[in-house]
2 protein chains.
Amino acid sequence: MTSDTIVGMARWQPDARGRLEAAALELFRERGFEQTTVTDIAARAGLDKRTFYRLFGDKREALFSGGKLLEEVVIKAVAETEATPFETVIAAFRRVADEIFAGRLDMVRVRQSVIEANPELQERELRKMGSLAAAVAAALRDKGVGETTATLATESGITVFRVAFARWVAAGNDASLTDLIIEVAAELRAVTSAPEPHSDLGQS
Amino acid sequence: MTSDTIVGMARWQPDARGRLEAAALELFRERGFEQTTVTDIAARAGLDKRTFYRLFGDKREALFSGGKLLEEVVIKAVAETEATPFETVIAAFRRVADEIFAGRLDMVRVRQSVIEANPELQERELRKMGSLAAAVAAALRDKGVGETTATLATESGITVFRVAFARWVAAGNDASLTDLIIEVAAELRAVTSAPEPHSDLGQS
DNA sequence: ACGGTGATGTCACAAGATGACATCGTCCTC
DNA sequence: GAGGACGATGTCATCTTGTGACATCACCGT
């Protein structure tokens, strides 16, 4: 411990990773994803193209670094919660809402607008969701939940989260993400409940 | 209409598109997706790389051309079915099962094994599912179903289809896809039904 | 100082993807 | 049935993505 910095991290440029992420987000917003070259991103961050590829798998990945943390939080929450499989997943996502997204609406909106403008980025987002789903389902199985039930509870829970998230991000909304998740979960239960003759309970 | 052929299609080589798809599937199976170059595919089909790109958006797309037909069938089925939103979606996918997938288990298995071996292809599959979901939800809204309900019914329906499909493709299974969809739908209802006995709904 | 270590820069290159332009069958018209 | 329009295809050039190989350079402990 000679004195100052924690070894093993940034050396020349402080927080190369963070700078690249910031540069990427900026450029994607300014010119769009396709019009931004990896070399551009690296240049704005004062680094080389090659360094970018050492830190990120590909160009899109610069926007999806938070996914790892999110997955960790969800998995932990699933492991610690005692309830119905579906309820467990919902509870886990509520924890994510509180611990990760609370108070970051503005940042989330910017990110989301960039993603929505590019099919390639949407594709990557879907993939992240997919791997998240796999991880959650695995966590449920570790608790003794059956294969199919684990998958169905997970997918349903993610659907709820997705819809609640979209509603949260939408303009003119002051409800918290946590509360929205509860609301949407209730709606999902209504939608999938018993076949019903044909009463057509007018949704709108 | 001078006489024989339907104009506007293949000229030099008959059914260039189909030949490229076949060549792509073959090569992906033989050497894998990454190890196959677009030039290889075109060569095996007796065409040029540039022609491939005129017919398909990118390399992956050669495997996902059936998606369009599938979407059409689902949309039509949704429009023609009278039932609960969720039931409607389930019915629509059952029709897809009968009209498109019935009797093609072997082909589906080959395709699926190729996709499962490659993250990039999985990504594309997810995207196809996403656009399918959007189309189904839109079809539901056209029938007067509310925004949220439409989305939840659609996503739930797709989840059911996905699980049933996976079960169908899995080895050692002789049940029809249609029947599997019904089974899984029932399981989903069970999983998402009421919060259960000992009230632990205190999370807020 | 000195060498080791790890992060970064430089160079080279295969493959993906696309625009511009040349070709060449096929069909239409006279 | 010759000639031109048209559309599908081939050719060429170019940019970008992504990666391997190797040189550098700062920082570390000794």
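Residue numbering restarts at 1 for every chain, and letters A, B, ... go by the order of the sequence lines. Note that the structure is a prediction, hence the values are computed from the model and not measured.
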Sort me out a list of protein N/O and nucleotides 16-18 of chain C N/O pairs below 3.5 Å, or just none if empty.
unit_1: C:dG16; atom_1: OP1; unit_2: B:Lys59; atom_2: NZ; d: 3.0
unit_1: C:dG16; atom_1: OP2; unit_2: B:Thr37; atom_2: OG1; d: 2.7
unit_1: C:dG16; atom_1: OP2; unit_2: B:Val38; atom_2: N; d: 3.3
unit_1: C:dA17; atom_1: OP2; unit_2: B:Tyr53; atom_2: OH; d: 3.2
unit_1: C:dA17; atom_1: OP2; unit_2: B:Lys59; atom_2: N; d: 3.2
unit_1: C:dA17; atom_1: N7; unit_2: B:Lys49; atom_2: NZ; d: 3.4
unit_1: C:dA17; atom_1: N6; unit_2: B:Lys49; atom_2: NZ; d: 2.9

Polar side-chain atom of B:Thr88 near backbone of B:Thr84 as donor-acceptor pair, under 3.5 Å: yes
Expressed as a whole number of angstroms, how long is the span from [X]:[atom1] to [N]:[atom2]?
X: A:Asp15; N: C:dA7; atom1: CG; atom2: P; answer: 14 Å
X: A:Asp40; N: D:dT16; atom1: CG; atom2: P; answer: 8 Å
X: A:Asp48; N: D:dG20; atom1: CG; atom2: P; answer: 16 Å

Phosphate contact (D:dG10 OP1 or OP2) by B:Thr51 side-chain N/O below 4.0 Å: yes
Identified side-chain hydrogen bond (donor to acceptor under 3.5 Å, both in side chains) counterpart of A:Arg127 within the set B:Glu120, B:Gln122, B:Glu123: B:Glu123
Close approaches to DNA chain D from residues 114-126 of chain A, in residue order (heavy atom, under 4.0 Å): none
side-chain contact (heavy atoms from CB on, under 4.5 Å) between B:Trp168 and B:Val108, intermediate numbers included: CA-CA 10 Å; B:Trp168 185 56; B:Val108 169; 4.2 Å; yes
side-chain contact (heavy atoms from CB on, under 4.5 Å) partner of A:Val74, the single match among A:Ile100, A:Val89, A:Val96: A:Val96
Heavy-atom neighbours of A:Arg104 CZ exceed 12 at 6.0 Å: no
Presence of donor-acceptor pair under 3.5 Å, side chain of A:Arg54 and base of D:dG18: no
Aromatic B:Phe64 / basic B:Arg111 pairing, under 6.0 angstrom, 45° off normal: yes
Donor-acceptor side-chain pairing of B:Ser176 and B:Asp179 below 3.5 angstrom: yes
Pairwise distance CG(B:Leu27) to OG1(B:Thr36) - rounded to 0.5 angstrom: 5.0 Å
